Amino acid sequence: METILGLDLPTWWFLVIGGLITGYGVLDGFDLGAGALHLFFKKEESRRLVLNAIGPVWDGNEVWLVIAGGALFAGFPLVYGVLLSTFYIPFMLFLVALIFRAISIEFRSKEPWLWWRKMWDISYTVSSTGITLLLGLVLGNLIHGLPMNKDHEFTGNLLTFFNPYAILIAFTTLSLFMLHGSIYLVMKTENRLYTRLTLIVNNCSKFFILCFILTSMATLIYVPHMTHQFKSHPSLFLLPMLAVLIVLNIKRNVDARKYYTAFAYSCIITACLLILFAVGLYPNIVISTTDPAYSISIYAAASSVKSLKIMLLIAAIGTPMVVGYTTFLFWTFRGKVKLNEMSY
């Protein structure tokens, strides 16, 4: 099979899609975490400040999700079809939640009525929390595996998705995004709201560490196939060791109120956990719990070589443009949040 820099094309596409999903997790993760925390703020001014902290960037961050979906369709159309048909109801709920998050942010400030703003505040928190839990639920089921027959048809039902391990991953994702979002908000605020957020960040860090420990133990005990690559390549054990050190450094920097450093570490741990997920799955993308032979590997699901080469070239051109746009956006809106007549 044709290779580029020693890696075959399906592996390159596996890395591209993994990178795009990681970008989405890192960037939209703090938006979703901020949304999940929104109702913890009681004052109108506080809610407006935390909303405007993510106001300039939240819609741009979602671009990474759109690109990741397009890349999955281009690189692994079989997986795209299997996942959308299998997770049809979760994905529909996910899209509804995305819509309600967007309109909650945009509609909230359109009227001054108290009931109007409270309604959209609740909608914003519920939709942000729902998106996060659904993402975690899908991720947890992909790690655990899905009941599929030889034709790659899902043989379970809706309740199959709500297995204990997938639910644990859902809450671990929520805890990670809440920590990520709270650190971002404390970086963007000052005075009394800053003080309030320092307490929230501390509690979120404890919540995440608890979920991280439980998830690590559950994965080792109940999902043994995720350790195969690490057993075959002992050097890969550096990744989980690195993850533990990063988690400890997040807590250390939060306690020392070094929030910019803590935010950098929360970005890294988000990426690191997704890398661990990818390493555990490779070379499969969808694992069958019915029979390992029914699992879908990157080689069985990949598009033609010509398609992969053309789309890889497009990705090589387009991805730096998205990175550049994202960097410019965050640089433009750096600093503490100030409310004005244009604010939400």
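The shown structure was predicted, so the numbers you read here are calculated from the model rather than taken from an experiment.
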Can you check whether [X] reaches [Y] side chain to side chain, under 4.5 Å on heavy atoms?
X	Y	result
V279	H233	no
Y194	N191	no
L245	M241	no
R48	K43	no
F41	I200	yes
F30	V57	yes
Y259	T198	yes
F87	L142	yes

For [X] and [Y], work out which heavy atoms get closest and say how close.
X	Y	value
P77	A301	CD-O, 3.6 Å
M178	C204	O-SG, 3.9 Å
L236	P240	O-CD, 3.2 Å
V26	A271	CG2-N, 4.3 Å
L9	K309	CD1-CG, 3.4 Å
A53	V337	CA-CG2, 3.5 Å

Checking salt bridge (charged side-chain N to carboxylate O under 4.0 Å, His left out) against D255, which of K251, R257, R252 comes through?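 Of K251, R257, R252, salt bridge (charged side-chain N to carboxylate O under 4.0 Å, His left out) with D255 is met by K251 alone.
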State whether the side chain of [X] and the backbone N or O of [Y] hold a donor-acceptor pair below 3.5 Å, judged by distance alone.
X	Y	answer
N284	I287	no
S175	C211	no
R334	W331	yes
T290	M148	yes
T319	A316	no
W13	L308	yes
W64	T22	no
R47	D121	no
S307	S303	no
S295	S288	yes

In Å and rounded to the nearest 0.5 Å, what is the [atom1] to [atom2] distance from [X] to [Y]?
X	Y	atom1	atom2	answer
L248	Y265	CG	OH	11.0 Å
L78	I296	CG	CD1	4.5 Å
I54	K188	CD1	NZ	11.0 Å
S182	F177	OG	CZ	13.0 Å
D28	D59	CG	CG	10.0 Å
L27	L65	CG	CG	11.5 Å

Does H180 form a ring pair (Phe, Tyr, Trp, His ring centres under 6.0 Å) with F263? I'd like the steps, not just the answer. CA-CA 7 Å; H180 198 33; F263 184 73; 4.9 Å; yes
Would you call E62 and R101 a salt bridge, using N to O less than 4.0 angstrom?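 Result for this pair is yes, salt bridge flagged.
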Are the charged groups of R108 and E44 less than 4.0 angstrom apart, N to O?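 Looking at E44 together with R108, the answer is yes, because their closest N to O distance falls below 4.0 Å.
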If the condition is ring-ring contact (aromatic ring centres under 6.0 Å, His included), which residues does H38 pass it with, not counting sequence neighbours?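 H38: ring-ring contact (aromatic ring centres under 6.0 Å, His included) contacts with Y124.
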Between L83 and L72, does a side chain to side chain contact (heavy atoms under 4.5 Å, CB included) hold up when you go through it step by step? CA-CA 10 Å; L83 291 184; L72 182 63; 4.2 Å; yes
Give a yes or no on whether [X] atom [atom1] has more than 12 heavy-atom contacts from other residues, nucleotides or ligands under 6.0 Å away.
X	atom1	result
F73	CZ	no
E45	CD	no
K118	NZ	no
M217	CE	no
F330	CZ	yes
Y24	OH	yes

Side chain to side chain donor-acceptor pair (under 3.5 Å) between D8 and Y299: does it pass, once the steps are laid out? CA-CA 10 Å; D8 54 64; Y299 302 104; 2.9 Å; yes
Shared ILVMFWY cluster between [X] and [Y], side chains joined below 4.5 angstrom?
X	Y	result
L197	L199	no
L273	L210	no
I213	L174	yes
V247	L168	no
L15	M311	yes

Looking only at the side chains, is there a donor atom on one of [X] and [Y] sitting less than 3.5 Å from an acceptor on the other?
X	Y	answer
T219	S216	no
T11	Y282	yes
T132	T173	no
D31	Y184	no

Under the side chain to side chain contact (heavy atoms under 4.5 Å, CB included) rule, what do T289 and L146 come out as? Steps first, then yes or no, please. CA-CA 5 Å; T289 56; L146 298 165; 5.7 Å; no
What verdict does the side chain to side chain contact (heavy atoms under 4.5 Å, CB included) test give for L193 and V50, after you've listed the backbone C-alpha separation in whole Å, the side-chain angles of each residue and the deciding distance to 0.1 Å? CA-CA 9 Å; L193 183 56; V50 297; 4.0 Å; yes
F154 and ring-ring contact (aromatic ring centres under 6.0 Å, His included): which single residue from Y294, F161, Y88 fits?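 Single ring-ring contact (aromatic ring centres under 6.0 Å, His included) partner of F154 among Y294, F161, Y88: F161.
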Could you walk me through whether F76 and I285 satisfy the side chain to side chain contact (heavy atoms under 4.5 Å, CB included) test, starting with their C-alpha distance in whole Å, then the side-chain angles of each, then the deciding distance to 0.1 Å, before giving a yes or no? CA-CA 9 Å; F76 305 109; I285 300 183; 3.8 Å; yes
Please verify the inter-ring angle class for F208 with F212; under 30° counts as parallel, over 60° as perpendicular, anything in between as tilted.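 The arrangement is tilted - the two ring planes meet at 30° to 60°.
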